[in-house]
Amino acid sequence: MMIVGYAKFSKRHPYFHIFLISSLTLTFLISAFILIEYETIELAGVIILIGSTLPFFAKASKYKQQYLSD
């Protein structure tokens, strides 16, 4: 249900979706860099949190391609 809702939301608001994905990617890259460079283990939680959202976005994208395409 949440996947369908986000798929519809991202279809109606593509710029917000792009901003959200870009900010998550940037946060992931910065956290990975700091984790590798400074060995700050606290940022591993951020990486795991962002990584756990990937299946959600993948399923929403698949739903959008199958059922909401123009």
Side-chain angles (χ1 to χ4, degrees):
M1 187 66 165
M2 190 171 167
I3 292 170
V4 174
Y6 185 77
K8 291 177 182 178
F9 176 80
S10 68
K11 177 100 172 148
R12 285 187 304 247
H13 306 287
Y15 293 115
F16 183 77
H17 173 70
I18 291 170
F19 171 76
L20 181 63
I21 296 296
S22 299
S23 63
L24 284 173
T25 303
L26 186 62
T27 304
F28 178 83
L29 291 173
I30 290 170
S31 297
F33 172 76
I34 292 173
L35 179 65
I36 292 169
E37 186 69 26
Y38 301 110
E39 299 177 0
T40 306
I41 198 67
E42 293 86 16
L43 293 176
V46 174
I47 292 171
I48 291 170
L49 179 68
I50 292 172
S52 67
T53 63
L54 291 177
F56 172 76
F57 288 117
K59 289 179 183 179
S61 175
K62 185 176 180 182
Y63 180 87
K64 189 166 74 170
Q65 288 175 352
Q66 286 181 343
Y67 300 111
L68 300 177
S69 62
D70 291 333

**Message:** To the closest 0.5 Å, what do you measure between OG (Ser31) and CG (Leu26)?
**Reply:** 9.0 Å
**Prompt:** Mind checking whether Phe33 and Ile47 sit in one hydrophobic cluster, side chains of I, L, V, M, F, W, Y counted as touching below 4.5 Å?
**Reply:** yes
**Prompt:** Which heavy atom in Lys64 sits nearest to a heavy atom in Ala7, and how many Å separate them?
**Reply:** CD-O, 3.7 Å
**Asked** If two hydrophobic side chains count as joined below 4.5 Å and joins carry through other members, does Leu49 share a cluster with Phe56?
**Response** no
Donor-acceptor contacts, no H, no angles, side chain residues 14-24, under 3.5 Å, sequence neighbours left out:
from: His17; atom 1: ND1; to: Tyr6; atom 2: OH; distance (Å): 2.6
from: Ser22; atom 1: OG; to: Ile18; atom 2: O; distance (Å): 2.8
from: Ser23; atom 1: OG; to: Phe19; atom 2: O; distance (Å): 3.1
from: Ser23; atom 1: OG; to: Leu20; atom 2: O; distance (Å): 2.9

**Fill in**
Shortest non-hydrogen pair, Thr53 vs Ile50, comes out as OG1-O, 2.6 Å
**Prompt:** Hey, is the main chain of Leu68 close enough, under 3.5 Å, to the side chain of Lys11 for a donor-acceptor pair?
**Reply:** yes
Please list every donor-acceptor pair under 3.5 Å in which a side-chain atom of residues 34-41 meets a protein atom from a residue at least two apart or in another chain.
none

